[in-house]
Amino acid sequence: MKTYSKTEFRERLEMKLTNKRNTTLEDTTDTDLFYAICSILKDEINQASVETKKTNIDRKKRQINYLSMEFLIGRLIESNLLNAGLLDVCNEVLTELGRDPKKVYSEENDAGLGNGGLGRLAACFLDSIASLGYLGNGFGIRYRYGLFEQRIVNGTQIELPDNWLQEVYPWETRKIDEAMHVNFGGEVSSEVDEHGNFKFTYHNQETVLAVPYDVGVVGYDNDVVNQLRLWSAELPSDVIDHGNYKNRLEHMQNVERISGFLYPDDSTEEGRFLRLKQQYFLVSSTIQTLIKQFKEKYNLPVTQFHEYHCIQINDTHPTFGIPELMRILMDEEGLGWNEAWSIVTKTFAYTNHTIMQEALEKWPVSQVQKVNPRIFMIINEINERFCREVYEKHPEMRDKIADLAVISNNVVHMSKLAIVGSFSVNGVAALHSEIIKDHTFNDFYRIQPEKFNNKTNGITHRRWLMTANPGLTHLINDAIGDVWHKSPQELTQLMRYYNDESFLNHLADVKLENKRVLKEVIYKKTGIEVDENSVFDVQVKRLHEYKRQLLNILHIIYLYNEIKRKPSIRIQPRTFIFGAKAAPSYHIAKEIIKLIHAVGNVVNNDKDVDNRIKVVFLENYNVTLAEDIMPAAEISEQISTASMEASGTGNMKMMMNGAVTLGTMDGANVEIAELVGKENIFIFGLSSEEVINYQNNGGYQAEAIYQTDGRVKGAMDALKNEQFGRDFAFNNLYYHVLTNNDPYFLLKDFNAYVDIHLTAMATYQDKKKWNQMSLMNILKSGQFSSDRTIQQYATDIWKLV
Ligand code: GPV
């Protein structure tokens, strides 16, 4: 891409302001500046994109297609500027013009087309695929409304629609000429042709137009621009229905609802018919496009499709792609079942992101039939052939066939369909991948062990370090140069500074400065004044019982009561920072948000506490807010019940920014612990094996711990005895934990949690030691760059080379 001197960039900016915004540098607004900068970038992006597409066709290499119902991309301006090599010059020019670059960039709406980790992972992956120079595109849905905006009113979460497309979205290009028809519903009839083959024809289907909007994905300093293609649902203009204008308008609105909004449930399944339609809409439009482009561009028989395309499905949400590709290969391309199946099972690879039962998708047969009857027929056939094969080839598994079946009790088990139809099944952290093999999908592992593998998650260090934390980035650049930008594992070179007092002090200065920035954000958003010299202890992630925000707040209650008992107690001042959205229908989660606020209200205003503890809940946690929080974190709370967090990625973001993890041996925490060593992490609580053992034996005796352990009882009773206000929610939480026998092991892990906090705070007293721990976390974090993850996907699964 073109490089610009300051003068050139400024001139270009002036030109764009005049031509695109009808204004001048002298009286421009931040909005004008933002769109003018986007326009400069977009020229570069489009140019490079054309080149990328051309070389890709010439090279005839295998392409990865990442299918996901979620892409949590956040803002793109800074990361696009960085990757295009224009961030510094743009910052300098804006500053010289007397503008605050941050303010200009904040004109961009945060694109929240995802719920949490799974959606953000997809966004990090696209960044790494392009930055490593691989040919690979993302496919998702252009939801008219993204993840809801969270407001807190009197401690209660309120959800507002996320109208992110209210202003022009500068990064997208509508490609109406590449729109696809997606067919829903209707009936299927079959006849036998002259060769004795079945021919299937569809009738009375409803056709929806899938219109693609392409967003360029800019590689870092390599002139590569891939695409994220987001599909939007429209009524085809040639549909003449009912002849009635009002009916037509209603029909139009119904069709547009398919891409109307993102379902706000994270790691739980809503099971709504519209969600099912969204899934089929994504896969049908995408796979039709891939086949069409393959035939047009390569001029090869469709039987070679898998040699040029790999499809990674992000959890089971895009699993209907498997029967959809079968349908196209058989009904439209005329292949037989076996030939089609052989192609499909060399094309699809499946990533599992959870072992929790409530998140494993299951769709009633009747609903799948209604969405597309032909797709259901194919799933049924896949199931019958698979069960027969198990019966014949694995006699030892005959009594397991009911468990293995893709369809049972009139529901389609999406994870089973995904496993059967894919050549690769991967978990997202080493521990998680082992649990999948040993427990969740053990029956499948026994018959198809070769499919199972691990790909530990990662995060893009470009967004989560280079743009989010410029202070730390400069410090690192000054110390070891910039090789780590392209080879993040080179961060280990920082080991040279492990005993360098001056470097360690600079590191602490950078952290303090980032804490000041967050302090301002906290004040602006909540009116709460926090002390930048207190420890910033952070838990930011979706609100879920298994993530145990409740354990965190119970510990805060315990600390508070210790202070009340003995106000002169010596305690390290701390700011507990929360950010979390609850799914709108997840009542317990919303009650926990209420409790955090109630505890905060009491603790923050109690004279006895004297500002030693502050509790802050930052509303509307999203990618943009995370970019302010991660650089300021010192303690990274990763306290899920062991075995339940598949990986976690916030843990990696905070580690990369020098926070020390305080957590359980769960998900990727296990690998963080291995890398930094036990001395540089605070681990507590039950192991995953212990948790799984208890679960298999009906749990542990929660009531007994409650009755006998004073610390546990004290914290729990605060919920019941209205210490933090009279609210049914707190009572309910109390009974919820005890009557369900504490399925998330809050009480069982409570004491270990209290103790590990004591250890952590004792350690913090030794400033040098703490800075060394922080440095160790940063310098080992290159392993968690998504560049490493994508490199592994590319060589082991996608075979891109
Ligand atoms: I399933 N995850 C998510 O964000 N949404 C989901 O619907 C499902 C899983 C998360 C896991 O909970 C995290 O542990 C993991 O780090 C993340 O997916 C990315 O793999």
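First listed ligand is number 1; within each ligand, the first listed atom is number 1. Please read all numbers here as calculations on a predicted model, not as lab measurements.
- With a 4.0 Å heavy-atom cut-off, ligand 1 is reached by the backbone of Leu118 and by its side chain too.
- Geometric assessment of Arg229 against the ring of Trp231 yields a positive cation-pi assignment under the 6.0 Å and 45° thresholds.
- Each of Leu76, Asp127, Leu82, Ile73 was checked for a side-chain contact (heavy atoms from CB on, under 4.5 Å) with Arg463, and the lone residue meeting it is Leu76.
- Only the side chain of Tyr546 comes within 4.0 Å of ligand 1, judged by heavy-atom distances.
- Of the N or O atoms in Ala646, one or more lie within a sub-3.5 Å distance of an N or O in ligand 1.
- Among protein heavy atoms, the minimum distance from atom 8 (C) of ligand 1 is reached at Ser267 OG, 3.3 Å.
- Note on ring orientation: taking the six-membered ring where Trp is involved, the planes of Tyr753 and His757 are perpendicular (angle over 60°, cut-offs 30° and 60°).
- Protein heavy atom closest to atom 13 (C) of ligand 1, with residue, atom name and distance, is Glu645 OE1, 3.3 Å.
- Under 4.0 Å from ligand 1, the heavy atoms of Asp315 that appear belong solely to its side chain.
- More than 12 heavy-atom neighbours from other residues, nucleotides or ligands sit within 6.0 angstrom of CG on Asn696.
- Residue contacts with ligand 1: Ala359 is placed with no nitrogen or oxygen under 3.5 Å of a nitrogen or oxygen of the ligand (distance criterion only).
- In this structure, Glu689 places its CD atom where only 12 or fewer heavy-atom neighbours from other residues, nucleotides or ligands lie under 6.0 Å away.
- Note that Lys451 lies outside the cation-pi zone of Phe423, set by a 6.0 Å cut-off to the ring centre and a 45° limit from the axis.
- At the top of the distance list for atom 19 (C) of ligand 1, counting protein heavy atoms only, stands Asn457 OD1, 3.3 Å.
- At the top of the distance list for atom 16 (O) of ligand 1, counting protein heavy atoms only, stands Gly648 N, 2.7 Å.
- In this structure, the ring of Tyr263 has its center less than 6.0 angstrom from the ring center of Phe261.
- An N or O contact shorter than 3.5 Å links His353 to ligand 1 by distance.
- Asp266 OD2, 3.3 Å is the protein heavy atom nearest to atom 5 (N) of ligand 1.
- Remark: distances from the non-hydrogen atoms of Asn115 to ligand 1 are all 4.0 Å or more.
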